Undergrad: 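One structure follows; several queries about it will come next.
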2 protein chains.
Amino acid sequence: MIANAAAIRSNPPRIAEALPPAAVLGGLSLEELRRHVPVLQRKLAPGQYLYRAGQPFQALYLVHAGFLKTCLVAEDGREQVTGFRMRGDLLGVESIGMPVYGCDAVALDTCSVWELPYPPILACTHIPELQARLTEALAAEIRSDRSWMLALSTLSADQRVAAFLLDVAARHEALGFSARHFVLRMSRVDIGSFLALKHETVTRALTRLAAQGCIAVQWREIRILDLSALRDSARCEMRVH
Amino acid sequence: MIANAAAIRSNPPRIAEALPPAAVLGGLSLEELRRHVPVLQRKLAPGQYLYRAGQPFQALYLVHAGFLKTCLVAEDGREQVTGFRMRGDLLGVESIGMPVYGCDAVALDTCSVWELPYPPILACTHIPELQARLTEALAAEIRSDRSWMLALSTLSADQRVAAFLLDVAARHEALGFSARHFVLRMSRVDIGSFLALKHETVTRALTRLAAQGCIAVQWREIRILDLSALRDSARCEMRVH
DNA sequence: CGACAGTTTGAAAAAATTCAACGGAAGTGG
DNA sequence: CCACTTCCGTTGAATTTTTTCAAACTGTCG
């Protein structure tokens with residue numbers, strides 16, 4: 001535990017904007033988009049809602065900087081975090097075809113997002129591919145959701161948490177952040193909600209992974225010490241026999 | 001149990017095609033579509049695959065009659081039923097943007113489906129709304145998936161099974177079938193896979209719901225005896241205190 | 001400082017799974 | 001037509017996993 005803490009201490013993770021320019025909707029750049037449609041920038045403080053379930057659906061949002069979570073809330077009050085969104089992610093797509101948003105989007109830290117008016121953005125006939133790209137983005141969202149559903153159905157608590165960390169690491173890496181050392185922007189409760197676990201279970205899983213030496217944990221700061229061991233933990237933990 | 005069996009015995013559910021014509025992609029009729037694109041009909045025997053993960057993605061399929069399941073399979077062999085599809089449902093949308101299908105689609109009984117070549121179908125400029133309708137269909141799919149994810153995260157085994165039965169009933173009703181009396185086309189294993197439960201747990205949940213008088217079960221034949229009680233079972237079973 | 005939100009840990013309880021066995025239904029082949 | 005196999009569903013008992021409940025601890029922020 002002390003060793004882990006020491007490993008954490010050095011070299012705090014960068015928080016700045018990612019290096020690569022945001023590729024919107026699978027290749028179309030934001031600049032290209034702005035040439036044809038008015039795109040507003042919105043800043044969000046930590047905890048602030050980008051939109052809430054029930055508000056009129058009038059825009060998609062592209063995350064430019066910062067981290068958000070999206071939460072589905074049922075009428076009876078049951079709720080679940082449906083995802084954590086970062087630079088390059090498109091928010092609001094699940095509400096296409098509805099008069100109002102179907103979920104909440106909350107900033108987890110200071111965020112900058114681009115507002116893409118919808119459906120006006122579709123009238124952007126100068127970019128004939130846009131609609132097709134949007135469709136592909138939705139399909140990718142479905143695949144991602146299903147992949148997590150499979151994880152929730154077939155993996156143990158420890159495996160889910162390991163898979164979650166690997167996902168965060170991969171997405172960080174794709175944006176030019178460190179994949180081995182990062183700060184989780186969300187609480188244990190949020191992670192538990194997303195993974196269908198209680199927050200105590202998330203904590204225990206992190207503790208166990210740290211005890212195995214896969215990772216070092218200190219509050220929300222995570223350091224991946226042994227990537228392949230973490231990968232092993234995420235997959236079917238088949239014991240040799 | 002004897003009483004339930006008696007209740008089941010009478011009036012076996014209809015298996016024929018549904019009454020209303022299939023409304024494709026939120027309003028566009030199949031006839032309209034066929035005017036512009038070649039649409040092939042395919043028949044499937046029970047157990048036959050419509051497509052398999054890894055095969056080249058070249059078409060979407062619209063279910064005309066019969067029932068299918070779609071299964072996501074991970075590289076390590078873990079698999080999950082991602083949904084049960086019936087008349088009017090569109091299959092293959094999750095693979096849009098990929099070179100190959102990302103899941104299996106298996107007929108649960110004799111099926112008839114319409115093959116919609118993709119992407120050629122998009123070239124159908126005579127129907128400008130088609131692409132937009134497709135996008136909306138994808139968004140609806142996301143909402144449906146998330147809604148089930150919420151159910152898996154927040155509901156007990158009994159509640160999930162009750163919710164599942166209510167979903168089947170509602171979809172049957174939407175197609176003109178009986179919502180109160182139907183035959184499940186899938187095994188307990190399939191239901192369990194979809195609901196993230198083991199097949200024994202599904203059986204036990206059905207037994208408990210039957211014991212409460214909500215439903216009568218005999219093999220795959222289900223009769224809903226007390227709809228509001230079943231609804232109560234599906235929602236947070238809050239006891240009066 | 002003091003309140004507070006978030007995290008950690010332990011122990012007991014609840015829920016679901018695993019393992020094992022049995023029984024019915026359908027299908028196969030003689 | 002019957003014997004036989006196989007698949008599917010059901011049930012019980014033991015076990016495992018996760019949750020629940022309770023308490024303590026740690027940073028942060030006003």
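All values derive from a computational prediction rather than experimental measurement. Letters go in sequence order (proteins before strands), and every chain restarts at 1.
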Undergrad: Examine dT11(D): is either OP1 or OP2 under 4.0 Å from a nitrogen or oxygen in the side chain of T207(B)? Give yes or no.
TA: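 For dT11(D), OP1/OP2 do have a side-chain N/O of T207(B) under 4.0 Å.
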Undergrad: Roughly how far apart are L206(B) CG and L184(B) CG, rounded to 0.5 Å?
TA: 7.5 Å
Undergrad: Check whether S153(B) reaches the backbone of M149(B) with its side chain - one donor and one acceptor, N or O, closer than 3.5 Å.
TA: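 Yes.
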Undergrad: Between E79(A) and K69(A), is the closest basic N to carboxylate O distance under 4.0 Å?
TA: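 So K69(A) does not pair with E79(A) through a salt bridge.
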Undergrad: With axes from five pairs an end, tell me the bend angle of the helix from dC1(C)-dG30(D) to dG30(C)-dC1(D), nearest 10°.
TA: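 Nearest ten degrees gives 40° for this helix.
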Undergrad: Do V63(B) and L68(B) have side chains that get closer than 4.5 Å, going by heavy atoms?
TA: yes
Undergrad: What is the distance, rounded to the nearest whole Å, between atom CG of D190(A) and atom P of dA5(C)?
TA: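 Computing the D190(A):CG to dA5(C):P distance gives 15 Å.
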Undergrad: Rounding to a whole Å, what distance do you find between H199(A):NE2 and dT9(C):C1'?
TA: 12 Å
Undergrad: Using whole Å, report how far CZ of R220(A) lies from P of dA5(C).
TA: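 So the CZ-P distance, R220(A) to dA5(C), works out to 13 Å.
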Undergrad: To the nearest Å, how far apart are D158(B) CG and dA14(C) P?
TA: 16 Å
Undergrad: Shortest non-hydrogen contact from V93(B) to L60(B)?
TA: N-CD2, 3.7 Å
Undergrad: Grab the N/O contacts between the protein and nucleotides 19-21 of chain D below 3.5 Å, and write none if there aren't any.
TA:
| unit_1 | atom_1 | unit_2 | atom_2 | d |
| --- | --- | --- | --- | --- |
| dT19(D) | OP2 | K198(A) | N | 3.4 |
| dT19(D) | OP2 | T201(A) | OG1 | 2.5 |
| dT20(D) | O4 | R204(A) | NH2 | 2.8 |
| dC21(D) | N4 | E200(A) | OE2 | 3.3 |

Undergrad: In whole angstrom, what separates L195(B)'s CG from dA15(C)'s P?
TA: 18 Å
Undergrad: Under 4.0 Å between a side-chain N or O of R188(B) and OP1 or OP2 of dT10(D)?
TA: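 R188(B) to dT10(D) OP1/OP2: side-chain N or O found under 4.0 Å.
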Undergrad: Locate the shortest heavy-atom distance separating P56(B) from Y101(B); write the atom from each residue and the value.
TA: O-CE1, 3.2 Å
Undergrad: What distance separates T70(B) OG1 from F84(B) CZ, expressed to the nearest 0.5 Å?
TA: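 With rounding to 0.5 Å, OG1 (T70(B)) is 8.5 Å from CZ (F84(B)).
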Undergrad: Could you grab the distance from atom CG of L230(A) to atom CG of D226(A), nearest 0.5 Å is fine?
TA: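 L230(A) atom CG to D226(A) atom CG measures 8.0 Å (nearest 0.5 Å).
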Undergrad: In terms of side-chain heavy atoms of V217(B), which of dA16(C), dT8(C), dT10(D) is nearest?
TA: dT10(D)
Undergrad: Write down the atom of R223(B), the atom of H181(B), and the distance for their closest heavy-atom approach.
TA: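 What the structure gives for the nearest pair is NH2-ND1, 3.0 Å.
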Undergrad: Is it the case that the side chain of S144(A) and the backbone of A140(A) share a donor-acceptor pair, with hydrogens and angles ignored and the cut-off at 3.5 Å?
TA: no
Undergrad: Rounded to the Å, how far apart are L206(A) CG and dT8(C) P?
TA: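 Distance, rounded to whole Å: 7 Å.
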Undergrad: If the sugar-phosphate is the primed atoms plus P, OP1 and OP2 and the base is the rest, what is the B/S/- string for nucleotides 24-30 of chain D, using protein heavy atoms under 4.0 Å?
TA: --SS---
Undergrad: Rounded to whole Å, please give me the gap between CG in L209(B) and C1' in dT10(D).
TA: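 The distance from CG of L209(B) to C1' of dT10(D) comes to 15 Å, rounded to the nearest Å.
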Undergrad: Inspect the contact between E75(A) and R235(B) and indicate whether a charged nitrogen and a carboxylate oxygen are less than 4.0 angstrom apart.
TA: no
Undergrad: I need the CG-P distance between L184(B) and dT10(D), as an integer number of Å.
TA: 10 Å
